[in-house]
Amino acid sequence: MSKRAIGIDIGGTGIKGALVDTKHGVLLSERLRYETPDGGTPKAIAKTLKDLISQLPGSSGLPVGICFPAVVQHGVTLSAANVSKEWIGLDADSMFEKELGREVHVLNDADAAGIAEVKFGAARGHKGLVIVTTLGTGIGTALMFDGKLVPNAELGHLQIDGVDYESKAAFSAKERENLSWAEWAKRLQKYFSHLEALLTPDLFIVGGGVSKEHESYLPLLKLKTPIIPAENRNSAGILGAAHWAKKRETD
Ligand code: BGC
């Protein structure tokens, strides 16, 4: 019998979800997308999830994995990027379990992408330290050592040149400042060189929507560490979150 769970990816603008085969890392349903409700409050987001899950046939009783753009320690959301500040300090696992009437496990969005790459993507079988980065509105980072997650690495917020470097090197900065690929790559060079000097990783994997255009910027980077695109793009969060929930499901 296949292992199944629901994977949900909550972002500042959209909430995506699907039914997932967590053994093979494939979606068993259409990938549904809802707008994130204005303000992004816990109550409003829980209501959206209820609607979304009710549209997934065959999902009754399955555990739900939810990834979220925040530090998440043991199911408690400790920060909130682009969503309501009400999330800070909230026991999100319990709140969602109450609202959805089933087992829920919440984790950081980049950590979910890291799990997806280890289980079903470009990090499969890689030993040592793999750093998975997601370049989007912010910069998310996941530290994977020998295939195991070290949760909540917030390395997108490294201070470089006196600024939180996410504000310079995220994909949103490229768009906001109209940077060419070469101009953006200079900032990525600074960012990845810094990570390399601090952590000496064995591999960098670059995810997020812009990873599909990796040929425009990855070849411009000069690093000692190999740097490759992620294999799971739009569904990375969903796959990683579902796998996380299935693994933690209580009998
Ligand atoms: C947040 C991280 C998140 C990343 C990507 C950052 O601003 O601090 O928790 O993983 O954005 O969404």
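What you see is a predicted model; the values in this text were computed from it and never measured. For ligands, and for the atoms within them, numbers begin at 1 and follow the listed sequence.
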Looking at atom 9 (O) of ligand 1, what's its closest protein heavy atom, distance included?
Glu154 OE2, 2.6 Å
Could you tell me whether Ala70 approaches ligand 1 through its side chain, its backbone, both or neither, with non-hydrogen atoms closer than 4.0 Å?
backbone
Can you sort out which atoms of ligand 1 are near His157, meaning under 4.0 Å from one of its heavy atoms?
1 (C), 6 (C), 7 (O), 8 (O)
Inspect the contact between Arg33 and Glu35 and indicate whether a charged nitrogen and a carboxylate oxygen are less than 4.0 angstrom apart.
yes
Whether Asp111 lies under 4.0 Å from ligand 1, heavy atom:
no
Do the numbers put Lys174 on top of the ring of Trp181, so that NZ or CZ is under 6.0 Å from the six-membered ring centre and no more than 45° off the axis?
yes
Under 3.5 Å: donor-acceptor pair, side chain of Asp91, backbone of Val76:
no
Of the backbone atoms (N, CA, C, O) and the side-chain heavy atoms from C-beta on, which set of Asn108 has a member under 4.0 Å from an atom of ligand 1: side chain, backbone, both, or neither?
side chain
Could you check which of Leu135, Val71, Ile10, Asp109 puts a non-hydrogen atom nearest to atom 10 (O) of ligand 1?
Asp109
I need the nearest protein heavy-atom contact for atom 7 (O) of ligand 1: residue, atom name and distance, please.
Glu166 OE1, 2.8 Å
If Ile, Leu, Val, Met, Phe, Trp and Tyr residues are connected whenever their side-chain heavy atoms lie under 4.5 Å apart, and connections chain through other members, are Met95 and Val104 in the same group?
yes
Under 4.0 Å from a heavy atom of Gly140: give me the atoms of ligand 1 that qualify, with their elements.
4 (C), 5 (C), 10 (O)
Hey, are Glu177 and Arg187 close enough for a salt bridge, meaning a charged N less than 4.0 Å from a carboxylate O?
yes
What verdict does the salt bridge (Lys or Arg N to Asp or Glu O under 4.0 Å) test give for Lys47 and Glu99, after you've listed the backbone C-alpha separation in whole Å, the side-chain angles of each residue and the deciding distance to 0.1 Å?
CA-CA 8 Å; Lys47 159 95 182 50; Glu99 295 290 328; over 6 Å; no
